[in-house]
Amino acid sequence: MGLGKTLGVQLRQWLIQEPGALKNSRAIANRLIDALGADDGLKGPIRDLASQPLLLQVLHSQGAAQSAALTSLSALIRQTYAPAVQVELLELLEAATGEQEAGRSHTPAAPSRQEPKPEPKPTSTAKAAGGLAHLEPLAPGLALGASGALVLSWFGQELDRLIFEDWGWSGGVVLVLSLGLTQILSLGPARGLPRRWSLPSEQAGSPRDAWRWISAPWIHRNGLEASVNGVLLLIILGASPLQLGDVVLRYSLTALACLALSAACAQHWGIRRLWSGASGPVSALIALSAGSSLLHWKGHDFEAAGLSIPTWVLLLVYGALQLGWQLPRQDPDEQSRPLQRLLSSSCSWGFLLGLLWALISRLSALL
């Protein structure tokens with residue numbers, strides 16, 4: 001039995017005996033390095049492998065998600081390491097998961113390693129490939145989310161033509177009412193809706209759960225956050241001249257972009273998150289207004305219930321609320337920094353995308 005296979009068998013035993021202790025890359029690396037002993041030839045590659053977010057997905061997912069992650073990780077190993085090290089790392093993965101990568105034939109035994117040579121560090125090209133590889137499992141959700149945004153936009157246009165144009169309701173008002181209706185249903189006849197429609201980080205790369213990328217922005221797990229988001233959307237979009245189809249399209253695509261970026265960060269750092277609600281689009285709207293106000297050096301106020309509310313007030317109040325909701329760890333066993341948790345949230349990327357769009361609009365006006 002080769003050294004890689006021995007380590008893989010040991011890793012599989014650890015996963016069976018104490019799966020909760022191997023939820024982060026550092027714990028896996030420490031266990032494998034200790035089991036490696038005095039063999040220095042594989043320490044570097046083993047440490048690099050343990051730091052890959054794809055390894056966590058390979059070890060803690062099942063079915064199609066695990067197979068996709070295993071294929072991506074195996075491809076990265078082949079691009080990075082010499083054949084002798086490839087054999088050991090691939091055998092480690094097969095022994096740990098009990099699966100062989102599709103299309104891979106058994107590789108002949110590794111040559112004698114009586115004179116181990118230090119392996120070169122991964123090149124910048126390999127690192128870039130690794131960055132793209134861990135995004136591959138998100139592709140089904142992104143594709144379905146983009147398609148769903150177009151379908152929902154068409155449905156909104158038809159509803160506007162048939163019903164809401166005659167009633168004189170703006171697209172923003174109908175959007176808020178739709179979000180409120182789903183939230184009310186989740187409190188009564190459809191109590192399991194928030195759990196079923198939200199997007200957990202563990203299922204973000206699962207093709208079977210790709211539909212959650214469409215449903216997550218339309219339900220809130222936090223009732224207080226749902227109320228705050230509904231009020232802010234009504235303040236910002238209540239008087240918007242946009243038709244319902246345009247409002248739904250922009251809302252869905254903004255939410256999808258925020259979800260994609262936060263899911264990519266969560267996978268990269270091994271952070272467990274549960275995404276739901278309108279925090280991404282709401283943050284983007286507030287940041288867009290604040291950024292435009294700053295770049296034009298002109299204040300912008302929203303009128304609501306006889307009040308004139310400056311953009312900076314919305315920015316400070318909503319930012320403080322989101323910090324309180326996003327900074328705490330959702331998994332007590334997680335080893336992550338506050339900045340990493342913020343970048344794994346939709347609202348943070350909403351703020352950044354809103355500011356970016358304000359800057360692009362200002363530059364376009366100047367050119």
Side-chain angles (χ1 to χ4, degrees), residues 135 138 141-142 144-146 148-149 152 175-176 178-179 182-183 194-195 197-205 209-233 236-237 247-291 314-315 317-331 334 336-358:
L135 294 179
L138 305 181
L142 288 172
L144 191 60
L152 289 174
L175 174 67
V176 173
S178 301
L179 291 170
T182 57
Q183 204 65 32
R195 177 179 53 81
W197 280 21
S198 299
L199 178 64
S201 54
E202 298 89 347
Q203 296 172 319
D209 295 297
W211 59 271
R212 292 176 183 263
W213 287 75
I214 301 175
S215 63
W218 296 93
I219 196 68
H220 291 78
R221 290 293 296 263
N222 184 335
L224 177 58
E225 186 180 10
S227 302
V228 171
N229 285 341
V231 170
L232 289 176
L233 283 173
I236 298 172
L237 296 178
V247 171
V248 170
L249 181 63
R250 297 181 187 198
Y251 175 85
S252 300
L253 290 180
T254 303
L256 179 64
C258 295
L259 272 178
L261 292 166
S262 54
C265 289
Q267 282 207 347
H268 180 71
W269 289 311
I271 295 175
R272 300 186 70 178
R273 282 274 153 177
L274 182 64
W275 298 289
S276 65
S279 60
V282 171
S283 301
L285 287 170
I286 294 175
L288 174 61
S289 178
L314 297 183
L315 180 65
V317 172
Y318 194 64
L321 287 172
Q322 285 295 342
L323 283 175
W325 289 327
Q326 303 300 332
L327 279 178
R329 292 183 176 89
Q330 295 186 7
D331 181 3
E334 180 182 285
S336 60
R337 295 192 293 271
L339 180 59
Q340 293 174 341
R341 293 194 292 277
L342 282 180
L343 291 177
S344 299
S345 66
S346 295
C347 65
S348 297
W349 285 106
F351 279 121
L352 294 174
L353 291 176
L355 291 174
L356 178 62
W357 190 249

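It should be emphasised that the depicted structure is a prediction, and the values quoted were computed from it without experimental measurement.
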Item to check | Test side chain to side chain contact (heavy atoms under 4.5 Å, CB included) applied to Phe351 and Val282, step by step | outcome: CA-CA 9 Å; Phe351 279 121; Val282 171; over 6 Å; no
Checklist entry - Any sub-3.5 Å donor-acceptor pair from Arg273's side-chain atoms to Ser201's backbone N or O? => result no
Checklist entry - Out of curiosity, Leu342 CG to Leu327 CG, how far, rounded to the nearest 0.5 Å? => result 4.5 Å
Checklist entry - Taking atom CH2 of Trp357 as the centre, does the number of heavy atoms from other residues, nucleotides or ligands within less than 6.0 Å exceed 12? => result no
Checklist entry - With a 4.5 Å heavy-atom cut-off, do Gln340 and Leu343 have their side chains touching? => result no
Item to check | Ala204 backbone acceptor or donor facing Trp213 side chain under 3.5 Å | outcome: yes
Checklist entry - Hey, what do you get for OG1 (Thr182) to CH2 (Trp218), rounding to the nearest 0.5 Å? => result 8.5 Å
Next on the checklist: Has Gln267 got a side-chain atom pairing as donor or acceptor with Ala264's backbone, closer than 3.5 angstrom?
Outcome noted: no
Next on the checklist: Working note: Ser276 + Trp197, criterion side chain to side chain contact (heavy atoms under 4.5 Å, CB included); need CA distance, chi angles, decisive distance, verdict.
Outcome noted: CA-CA 8 Å; Ser276 65; Trp197 280 21; over 6 Å; no
Next on the checklist: Check whether Gln183 reaches the backbone of His220 with its side chain - one donor and one acceptor, N or O, closer than 3.5 Å.
Outcome noted: yes
Checklist outcome for this item: Per side chain to side chain contact (heavy atoms under 4.5 Å, CB included), Ser346 is matched among Cys258, Pro217, Pro281 by Cys258
Checklist entry - With Gln322, which of Ser348, Ser279, Ser345 fulfils side chain to side chain contact (heavy atoms under 4.5 Å, CB included)? => result Ser279
Item to check | Residues which pass side chain to side chain donor-acceptor pair (under 3.5 Å) with Ser198, listed by chain and number, not counting sequence neighbours | outcome: none
Item to check | Heavy-atom side-chain contact between Leu323 and Trp325 under 4.5 Å | outcome: no
Checklist outcome for this item: Looking only at heavy atoms, the pair that brings Leu249 and Ala149 closest together is CD1-O, 3.8 Å
Item to check | Spacing of CG belonging to Leu353 relative to CG belonging to Leu288, to within rounding of 0.5 Å | outcome: 11.0 Å
Next on the checklist: Main chain of Ser336, side chain of Arg329: is a donor-acceptor contact present, judged purely on distance under 3.5 Å?
Outcome noted: yes
Item to check | Check against side chain to side chain contact (heavy atoms under 4.5 Å, CB included), Tyr251 and Leu152 | outcome: CA-CA 10 Å; Tyr251 175 85; Leu152 289 174; over 6 Å; no
Checklist entry - What's the verdict on side chain to side chain contact (heavy atoms under 4.5 Å, CB included) for Leu274 and Leu199, showing C-alpha distance, side-chain angles and the deciding distance? => result CA-CA 6 Å; Leu274 182 64; Leu199 178 64; 5.9 Å; no
Checklist outcome for this item: Heavy-atom closest pair (Leu233 atom, Ala278 atom, distance to 0.1 Å) is CD1-CB, 4.3 Å
Checklist entry - Do Arg341 and Pro328 come close enough that some side-chain heavy atom pair is under 4.5 Å? => result no
Checklist entry - Between atom CH2 of Trp269 and atom CZ of Arg337, what is the distance when rounded to the nearest 0.5 Å? => result 8.0 Å
Next on the checklist: Which heavy atom of Ile271 sits nearest to which heavy atom of Ser344, and what is that distance?
Outcome noted: CD1-OG, 3.5 Å
Next on the checklist: The criterion is salt bridge (charged side-chain N to carboxylate O under 4.0 Å, His left out); which residues satisfy it with Glu202, sequence neighbours excluded?
Outcome noted: Arg272
Checklist entry - Where is the tightest heavy-atom contact between Thr254 and Ala284, given as atom of each residue plus distance? => result CG2-CB, 3.8 Å
Item to check | Minimum heavy-atom distance between Leu259 and Ala216, given as atom pair plus value | outcome: CD1-CB, 4.3 Å
Item to check | Approximate separation, where rounding is to 0.5 Å, of Leu179 CG and Ile219 CD1 | outcome: 8.5 Å
Item to check | Closest approach of Leu175 to Val247 (non-hydrogen atoms, all atoms of both residues) | outcome: CD2-CG1, 3.7 Å
Item to check | Heavy-atom donor-acceptor pair, Ser289 side chain to Leu285 backbone, under 3.5 Å | outcome: no
Next on the checklist: If I take atom CZ from residue Arg250 and atom CG from residue Leu237, how far apart are they, to the nearest 0.5 angstrom?
Outcome noted: 10.0 Å
Item to check | Side-chain donor or acceptor of Asn222 paired with backbone N/O of Glu225 under 3.5 Å | outcome: yes
